[in-house]
Peer 1: 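Just dropping this structure here.
Scope of the values below: all heavy atoms of this structure, side chains included, with no hydrogens, waters or symmetry mates.
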Amino acid sequence: GFERFANGEIAISNASREIKEEEAALAEENGVPWYRFDMAYDGITVVVSAENDFVEDLTVDELASIWAADGGVTNWSDVRPDFPEEPIELYGPGTASGTFDYFNEEILGEDREVRTDYTPSEDDNVLVQGVAGSPYALGYFGFSYYEENQDTLKAVAIDAGSGPVAPSIETIADGSYQPLGRTLYIYVNANELQERPEVQEFVKFYAATADEIAPSVGYIALPADAEKETVDKVAGAIDGSIAPDSETFGQESPEASPAA
């Protein structure tokens with residue numbers, strides 16, 4: 001999506017992560033100024049099978065050791081001595097996924113490579129079925145897929161240093177589900193937004209109704225003040241009173257986590 005967006009092939013790109021420097025550079029090279037609009041929140045959810053009776057929570061460091069190429073983890077007992085001496089079966093998004101990017105940036109950071117001996121899929125339903133099918137499997141994907149499959153999956157609470165926090169609408173919205181709470185965006189070509197009435201109407205509709213639509217598909221609505229900021233920003237982008245975000249890209253301070 002970002003590649004096509006940066007090439008000027010599409011007017012709007014949905015995104016579960018921020019644009020990368022190389023993607024922003026490509027957009028600039030192709031004369032594509034852009035706006036970024038916050039639309040909803042999501043929480044990447046680490047899951048095990050409902051049949052798993054030994055994992056309730058994991059620390060960020062334990063998750064990193066599981067997923068890092070140099071983590072040295074083969075069996076569950078490598079994570080904690082009291083876990084079974086059974087091989088971990090891993091499922092996760094493919095490398096083209098924004099969820100893959102976000103998870104690895106937050107859990108592994110920039111200096112560690114993700115392991116490749118896991119079952120990848122761009123179809124989250126394949127991941128759901130894989131994890132649900134074995135008590136020794138572990139995977140991750142967006143909160144909505146966990147919500148839809150709570151009868152066969154169990155969410156793992158994540159301990160980022162202040163005790164385990166399970167993903168929920170409340171913990172994702174209030175920012176306590178860290179570090180895997182994230183903002184969902186749309187990136188919009190500024191030229192298309194200002195020149196095409198149909199793009200304007202779609203983006204205005206999107207911003208005005210996201211608070212109603214997001215929960216219906218398992219995402220978390222922005223709080224009222226953040227929603228108003230998005231609606232006002234859309235209006236300012238359309239009338240040209242707000243400059244494109246691409247003009248200040250790279251000069252901003254790192255974004256806070258959702259509702260943090």
Peer 1: Using a 3.5 Å distance criterion without hydrogens, assess whether the side chain of Asn52 forms a donor-acceptor pair with backbone atoms of Pro135.
Peer 2: yes
Peer 1: Can you see which heavy atom on Leu127 is nearest to which on Tyr91, and at what distance?
Peer 2: CD2-CB, 4.0 Å
Peer 1: What is the minimum heavy-atom distance between Gly240 and Gln194, and which atoms define it?
Peer 2: CA-NE2, 4.0 Å
Peer 1: Answer yes or no: is there a donor N or O on one side and an acceptor on the other, between the side chain of Ser216 and the main chain of Ile213, under 3.5 Å?
Peer 2: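 Such a contact is found between Ser216 side chain and Ile213 backbone.
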Peer 1: Any Lys/Arg nitrogen of Glu201 or Lys204 sitting under 4.0 Å from an Asp/Glu carboxylate oxygen of the other?
Peer 2: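 Yes.
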Peer 1: Using 0.5 Å steps for rounding, measure from the CG atom of Asp159 to the CG atom of Asp61.
Peer 2: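 Answer for the CG-CG pair, Asp159 versus Asp61, is 9.5 Å.
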Peer 1: Evaluate the ring planes of Phe100 and Tyr118, with Trp represented by its six-membered ring, and classify them as parallel (under 30°), tilted (30 to 60°) or perpendicular (over 60°).
Peer 2: parallel
Peer 1: Consider only side-chain heavy atoms of I, L, V, M, F, W and Y, link residues closer than 4.5 Å, and tell whether Ile10 and Leu193 are in one cluster.
Peer 2: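 Different clusters.
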Peer 1: Testing the basics here: between Asn30 and Ala6, what is the closest heavy-atom pair and its distance to 0.1 Å?
Peer 2: ND2-O, 3.0 Å
Peer 1: Looking only at atom types and distance, does a side-chain atom of Ser16 sit under 3.5 Å from a main-chain N or O of Leu184, one as donor and one as acceptor?
Peer 2: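 Such a contact is absent between Ser16 side chain and Leu184 backbone.
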Peer 1: If I compare all heavy atoms of Val217 with all of Ser144, which pair ends up nearest, and what's the gap?
Peer 2: O-CB, 3.1 Å
Peer 1: Is there side-chain contact between Leu153 and Ser49, with heavy atoms separated by less than 4.5 Å?
Peer 2: no
Peer 1: Which is it for Arg112 and Asp70 under the side chain to side chain contact (heavy atoms under 4.5 Å, CB included) test, yes or no, and what are the steps along the way?
Peer 2: CA-CA 8 Å; Arg112 302 184 77 180; Asp70 61 358; 2.9 Å; yes
Peer 1: Nearest 0.5 angstrom please: Leu63 CG to Leu108 CG, how far?
Peer 2: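 The CG atom of Leu63 sits 9.0 Å away from the CG atom of Leu108.
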Peer 1: Under 4.0 Å between a Lys/Arg side-chain N and an Asp/Glu carboxylate O for Arg80 and Asp82?
Peer 2: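 Result for this pair is no, no salt bridge flagged.
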Peer 1: Test Glu122 against Ser97 for side chain to side chain contact (heavy atoms under 4.5 Å, CB included), laying out the working first.
Peer 2: CA-CA 7 Å; Glu122 305 296 351; Ser97 164; 3.6 Å; yes
Peer 1: Quick check: closest heavy atoms across Pro179 and Ile107, and the distance to 0.1 Å?
Peer 2: CG-CD1, 4.1 Å
Peer 1: For Glu113, is the CD atom crowded, meaning more than 12 foreign heavy atoms sit under 6.0 Å from it?
Peer 2: no
Peer 1: Would you confirm whether Thr171, through its side chain, and Ala166, through its main-chain N or O, come within 3.5 Å as a donor-acceptor pair?
Peer 2: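 Side chain of Thr171 to backbone of Ala166: a pair is present.
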Peer 1: Does Ile172 belong to the same Ile/Leu/Val/Met/Phe/Trp/Tyr cluster as Val60, with side-chain heavy atoms less than 4.5 Å apart forming each link?
Peer 2: yes
Peer 1: Between Ile44 and Thr99, is there a side-chain heavy-atom distance shorter than 4.5 Å?
Peer 2: yes
Peer 1: Would you check if the side chain of Lys233 reaches a backbone N or O of Arg36 as a donor-acceptor pair within less than 3.5 Å?
Peer 2: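 Side chain of Lys233 to backbone of Arg36, a donor-acceptor pair under 3.5 Å: yes, one is there.
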Peer 1: Which is it for Glu106 and Arg182 under the salt bridge (Lys or Arg N to Asp or Glu O under 4.0 Å) test, yes or no, and what are the steps along the way?
Peer 2: CA-CA 10 Å; Glu106 294 297 328; Arg182 60 179 176 173; over 6 Å; no
Peer 1: Just checking Glu85: does its CD atom have more than 12 heavy atoms from other residues, nucleotides or ligands closer to it than 6.0 angstrom?
Peer 2: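 No.
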Peer 1: Could you check Ser121 against Asp123 for side-chain hydrogen bond (donor to acceptor under 3.5 Å, both in side chains), going step by step and ending with a plain yes or no?
Peer 2: CA-CA 5 Å; Ser121 178; Asp123 184 346; 5.5 Å; no
Peer 1: Does a side-chain heavy-atom distance below 4.5 Å link Asn14 with Tyr185?
Peer 2: no
Peer 1: Quick one: does Asn189's side chain get under 4.5 Å of Ile12's, heavy atoms only?
Peer 2: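 SC-SC contact between Asn189 and Ile12 ruled out.
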Peer 1: Verify whether the ring centers belonging to Phe2 and Tyr187 lie closer than 6.0 Å.
Peer 2: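 Ring-ring flag for Phe2/Tyr187: true, centres closer than 6.0 Å.
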Peer 1: Should the heavy atoms of other residues, nucleotides or ligands under 6.0 Å from CD of Glu3 be counted, would the total exceed 12?
Peer 2: no
Peer 1: With a 3.5 Å distance limit and no angle check, can you tell me whether Asp42 reaches the backbone of Tyr219 through a side-chain donor-acceptor pair?
Peer 2: no
Peer 1: Tell me if a side-chain donor or acceptor on Glu62 pairs with a main-chain N or O of Thr59 at a distance below 3.5 Å.
Peer 2: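 Yes, Glu62 side chain to Thr59 backbone: donor-acceptor pair under 3.5 Å.
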Peer 1: Heavy-atom count around Glu198 CD within 6.0 Å, excluding the residue itself: above 12?
Peer 2: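 For Glu198, atom CD is crowded (more than 12 foreign heavy atoms under 6.0 Å).
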Peer 1: State whether the side chain of Arg17 and the backbone N or O of Phe103 hold a donor-acceptor pair below 3.5 Å, judged by distance alone.
Peer 2: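 No.
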Peer 1: Is there a side-chain contact between Val131 and Leu138 in this structure, where contact means two heavy atoms from C-beta onward sitting under 4.5 Å apart?
Peer 2: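 They are not in contact (no side-chain heavy atoms under 4.5 Å apart), so the answer is no.
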Peer 1: Taking atom CD as the centre, does Glu227 end up with more than 12 heavy-atom neighbours from other residues, nucleotides or ligands that are less than 6.0 angstrom away?
Peer 2: yes
Peer 1: Taking the side chain from Thr209 and the backbone from Ala207, do they hold a donor-acceptor pair closer than 3.5 Å?
Peer 2: no
Peer 1: With a 4.5 Å cut-off on side-chain heavy atoms, are Val128 and Tyr146 touching?
Peer 2: no
Peer 1: Where do Trp76 and Ala137 come nearest, in terms of heavy atoms and distance?
Peer 2: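 For Trp76 and Ala137, the tightest heavy-atom pair comes out as CZ2-O, 4.2 Å.
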Peer 1: Linking I/L/V/M/F/W/Y whenever their side-chain heavy atoms sit closer than 4.5 Å, directly or via other members, would Met39 and Phe205 fall into one cluster?
Peer 2: no
Peer 1: Could you tell me whether Lys154 and Glu56 have a side-chain N and a carboxylate O separated by less than 4.0 Å?
Peer 2: yes
Peer 1: Starting at CD of Glu29, measure out to CG of Asn7 and round the result to the nearest 0.5 Å.
Peer 2: 9.0 Å
Peer 1: How about Asp239 and Gln200: do any of their side-chain heavy atoms sit closer than 4.5 Å?
Peer 2: no
Peer 1: If you apply the rule salt bridge (Lys or Arg N to Asp or Glu O under 4.0 Å), what do you find for Asp101 with Lys20, and how did you get there?
Peer 2: CA-CA 10 Å; Asp101 289 336; Lys20 296 179 179 179; 3.4 Å; yes
Peer 1: Is the centre of the Phe5 ring less than 6.0 Å from the centre of the Trp34 ring?
Peer 2: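 No, the ring of Phe5 stays outside the 6.0 Å limit from the ring of Trp34, centre to centre.
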Peer 1: Distance check, rounded to the nearest 0.5 Å: Ile220 atom CD1 versus Thr183 atom OG1?
Peer 2: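 Taking CD1 in Ile220 and OG1 in Thr183, the distance rounds to 11.0 Å.
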Peer 1: Show your reasoning for whether side chain to side chain contact (heavy atoms under 4.5 Å, CB included) applies to Val79 and Val55.
Peer 2: CA-CA 11 Å; Val79 181; Val55 177; over 6 Å; no
Peer 1: Measuring from atom OH of Tyr177 to atom CD of Glu170, what distance do you get when rounded to the nearest 0.5 angstrom?
Peer 2: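 Between atom OH of Tyr177 and atom CD of Glu170 there are 14.0 Å.
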Peer 1: Would you give the length of the straight line joining atom OH of Tyr140 to atom CD1 of Ile158, rounded to the nearest 0.5 angstrom?
Peer 2: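 If I round to the nearest 0.5 Å, the distance is 12.5 Å.
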Peer 1: Side chains of Pro87 and Tyr136: does their closest heavy-atom pair fall under 4.5 Å?
Peer 2: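 Answer no - side chains too far apart.
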Peer 1: Would you say Phe143 ends up clustered with Val126 if hydrophobic residues are merged whenever their side chains have heavy atoms under 4.5 Å apart, either directly or through other cluster members?
Peer 2: no
Peer 1: Can Leu90 and Arg115 be said to form a side chain to side chain contact (heavy atoms under 4.5 Å, CB included), step by step?
Peer 2: CA-CA 10 Å; Leu90 294 175; Arg115 64 195 296 172; 3.6 Å; yes
Peer 1: Do the side chains of Tyr206 and Phe37 join up, straight or via other hydrophobic residues, at under 4.5 Å, putting them in one cluster?
Peer 2: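 Yes, because Tyr206 and Phe37 connect within a single hydrophobic cluster, where side-chain heavy atoms sit under 4.5 Å apart.
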